[in-house]
Amino acid sequence: MPRSPRILKGLRRSSILRRMAAKTEIRDLSGHVGGSATLTGWVVKNRPSGKISFFELRDGTGVCQCVVEKSESNDSLFEAARRLSQEASVEVTGAVTREERAVGGYEVRLTALTVVGASQEYPITPKPHGIDFLFKRRHLWFRAQRQWLIMRVRATIIDQIRRFFNDRGYILVDTPIFAPAAGEGSQTLFKVDYFGEPVYLAQTGQLYLEAACMAHRKVYCFGPTFRAEKSKTRRHLTEFWMVEPEIAYASLSDVIDVAEDFVCSLAERVLTDHRQELIELGRDVAQLERIRKPFYRIRYDEAAELLRGPKAKALLEKDLAAKTSRLAELDQKVAELEDRQKQGGVKQWEKDKAAAEVIDLREERSELTDQIANIPHHMKLAAEFEWGGDLGGSDETIISRLHDRPVFVSHYPKHVKAFYMREARDNAKVVENFDLLAPEGFGEVIGGSAREEDYDRLLHRIHEEGLPQEDYEWYLDLRRFGTVPHGGFGLGVERTVAWICNLKHIREAIPYPRMMGRFYP
RNA sequence: UCCCCGAUAGCUCAAUGGUAGAGCGUCCGGCUGUUAACCGGCAGGUUGUAGGUUCGAGUCCUACUCGGGGAGCCA
């Protein structure tokens, strides 16, 4: 875009300049130092004083400090600035200066201010709020810096998901959201009235994708999926986004190779584009830099052994000791802070600060207490893990924490897995499936498998699971007409975002979370 | 479906079974370099709902509602 007036020769300079000025974004302020700029945005916070007034302006691209000094000629401007309230929308014009003391490094000294929309008693104040309060105001909470950062990282992850598959010749095939029957066959489906007929919200597009991959060889689908699981945990949503690639003429290890490259590409892209944002989110980026090939690949058998073995026990014991000593440390800190508050001669603001710290410490304490209480249970679950069961949440955490890079766990017992998974030809008790466990205890982000391509074995499994064969005739057709070895996986977007951004709760990783008992706004 | 924790001012939290408080936010006043600004003041309450125990319940008991964490299940 032309910034130099020389280029404007022959145009009506004043109107063009005005239009250009109105387009200035905070992220481009460095190019306007020494000149004037017009910004449009929202007031983050206002700090008026007797004769000088500061406020922070947010415009969606960054944050910038605005200043008005009182003078004989600017009474109305100064008064308007002094009265600005949180989240009022404004258009401002002023001189741009470099200013080390200001957020973002630049400052605008105002010559004009227009309030576009007033904002009274904005509910989300710069003080701490409870999680329920914030999610009831999700529509406003987006404006908070932390939520803004997360949404930007999410957008990049989604862009990279599409780019990865598009660049490698995968064809996007959209699968239906209204599905006639169970995909994976279970009670965790949302039932919808479809002109008097029952249909279900799709849990996966996989079966449809298998059909499409016989036409295009490499395909993927990407969209929302729905699970009516009554789980209230930090890793569950009832509506979440999943990307599912499906590849013809692929073995289990081919599919795992793709998953490995894919996850590496996501980490690399986010580190390139959002290093600063990740740091601001409190992400230890060194951990993300470890997301490199090769990931660990272990079998379910080995995972079971690991859980029962001395390493798992040692990990949990160490954990218990660390958490117990942290608990003692917290108690001591709380006691110290409370003593300080009681002492005389302490300023009110120091008392407030101490009180706020006590609240934080107590919260950490309460979480820690829960975790400590759970450890013996987790130890028992791990130590007594029996072949044949699925890996529980705590088991996954243990396995992932025993490795410094993501871990593929493959070859689970057949009877705990879905009917379409390919039976291992050398061991009929297991299937050729895999999960990818993210490190640092983030748990399962991918589930995938080779699909059963043999007609007779597939039909047998459908009967074994008690599924109605007539519902799966079209699916069986894929084995009747030129069946090939194939497979794919599904990656949960929100779990991935939570992992990359180091979020404790998956619900912050999606714009409008839908979970048990929460569907507003 | 099961287990644990919680609900007090708009918000975040205090309050041995004995007069319901603080900070923030709002509003008013003050302050020339602020950064969760600061200083002074006003207003703000059927302690989630319904019962019970007690001379007396925010506090103890029971049920329910809502929320949080976990189990199961899963991306």
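Residue numbers begin at 1 in each chain, while the letters A, B, ... track the order of the sequences.
Here A/G443 lies out of heavy-atom contact (under 4.0 Å) with every strand. Looking at heavy-atom distances under 4.0 Å, A/P48 makes contact with a base. Among the atoms of the strands shown, none is found under 4.0 Å from any heavy atom of A/H378. Among the atoms of the strands shown, base atoms are found under 4.0 Å from some heavy atom of A/F54. Across all strands, A/E99 comes closer than 4.0 Å to base atoms (heavy-atom distances). Within 4.0 Å (heavy atoms only), A/E494 reaches no atom of the nucleic acid at all. Within the nucleic acid shown, A/V103 comes within 4.0 Å of at least one base atom, counting heavy atoms only. Contacts of A/H236 with the nucleic acid, taken as non-hydrogen atoms under 4.0 Å apart, include base atoms. Counting any heavy atom pair closer than 4.0 Å across all strands shown, A/D435 reaches no nucleic acid atom. Within the nucleic acid shown, A/L237 comes within 4.0 Å of at least one base atom, counting heavy atoms only.
Using a 4.0 Å cut-off between charged nitrogen and carboxylate oxygen, A/E452 and A/R461 do not count as a salt-bridge pair. Under a 4.0 Å N-O distance rule, the pair A/D257/A/R297 qualifies as a salt bridge. In summary, A/E107 and A/R101 do not engage in a salt bridge, as defined by a charged side-chain N under 4.0 Å from a carboxylate O. Classification of A/R518 and A/D132 as a salt-bridged pair holds, one side-chain N sitting under 4.0 Å from a carboxylate O. A salt bridge does not link A/R283 with A/E277: none of the charged nitrogens is closer than 4.0 Å to a carboxylate oxygen.
Taking every side-chain heavy atom of A/N374 into account, B/rG70 is the closest of B/rG72, B/rC74, B/rG70. Comparing atom distances between the A/R101 side chain and each of B/rU34, B/rG72, B/rC74 picks out B/rU34 as nearest. Among the nucleotides B/rU1, B/rA75, B/rC28, the one closest to any side-chain atom of A/K230 is B/rU1. Closest to the side chain of A/I52, from the set B/rU32, B/rG72, B/rA75, is B/rU32. Between B/rU26, B/rA75, B/rU32, one nucleotide has an atom nearer to the side chain of A/E121 than all others, and that is B/rU26. Ranking B/rC74, B/rG33, B/rG25 by closeness to the A/T125 side chain, first place goes to B/rG25. Of the candidate nucleotides B/rA36, B/rG33, B/rC11, B/rA36 has the atom nearest to the side chain of A/K127.
No side-chain N or O of A/E210 forms a donor-acceptor pair with one of A/Y420 less than 3.5 Å apart. Remark: the A/D435 side chain and the A/Y412 side chain contain an N/O donor-acceptor pair separated by less than 3.5 Å.
Panel note: side chain A/D59, backbone A/I26; a donor-acceptor pair is recorded below 3.5 Å. Between the A/R234 side chain and the A/R507 main chain, no donor and acceptor come within less than 3.5 Å of each other.
In terms of polar N and O atoms assigned as donor or acceptor, the side chain of A/H129 never comes within less than 3.5 Å of the base of B/rC11 in a complementary pairing. If you check distances only, the side chain of A/R227 never reaches the base of B/rG72 with a donor-acceptor pair under 3.5 Å. For B/rG33, its base sits under 3.5 Å from the side chain of A/E107 at one donor and acceptor pair at least. Side-chain N/O atoms of A/Q120 and base N/O atoms of B/rU26 include no donor-acceptor pair closer than 3.5 Å. Contact of A/R495 with B/rC74 (side chain to base): a donor-acceptor pair of N or O atoms is detected under 3.5 Å.
Spacing between B/rU65 and B/rG48 at atom C1', rounded to whole Å, works out to 8 Å. For the C1' atoms, the distance linking B/rC73 with B/rC2 amounts to 14 Å, nearest Å. Annotation: B/rG6 and B/rC13 have their C1' atoms spaced 13 Å apart (nearest Å). B/rU49 sits 15 Å from B/rG58 when the C1' atoms are compared, rounded to a whole Å.
The phosphate of B/rU32 (OP1 or OP2) has no side-chain N or O of A/R47 nearer than 4.0 angstrom. At B/rG70, none of the side-chain N or O atoms of A/R235 fall inside 4.0 Å of OP1 or OP2 (strictly under the cut-off). Taking side-chain N and O atoms only, A/R507 has a distance below 4.0 Å to OP1 or OP2 of B/rG69. For A/H505, a side-chain nitrogen or oxygen approaches OP1 or OP2 of B/rG69 to under 4.0 Å. Taking only side-chain nitrogens and oxygens, A/R234 never comes nearer than 4.0 Å to OP1 or OP2 of B/rG69.
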Dot-bracket for RNA chain B, please, read 5' to 3', with Watson-Crick or G-U wobble pairs under 3.5 Å on both distances, ( ) within the strand, [ ] crossing, | other strand, . unpaired.
(((((((..((((....[..))))..((((.......))))......(((((..]....))))))))))))....

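Aromatic pair A/F262/A/F165: centroids less than 6.0 angstrom apart.
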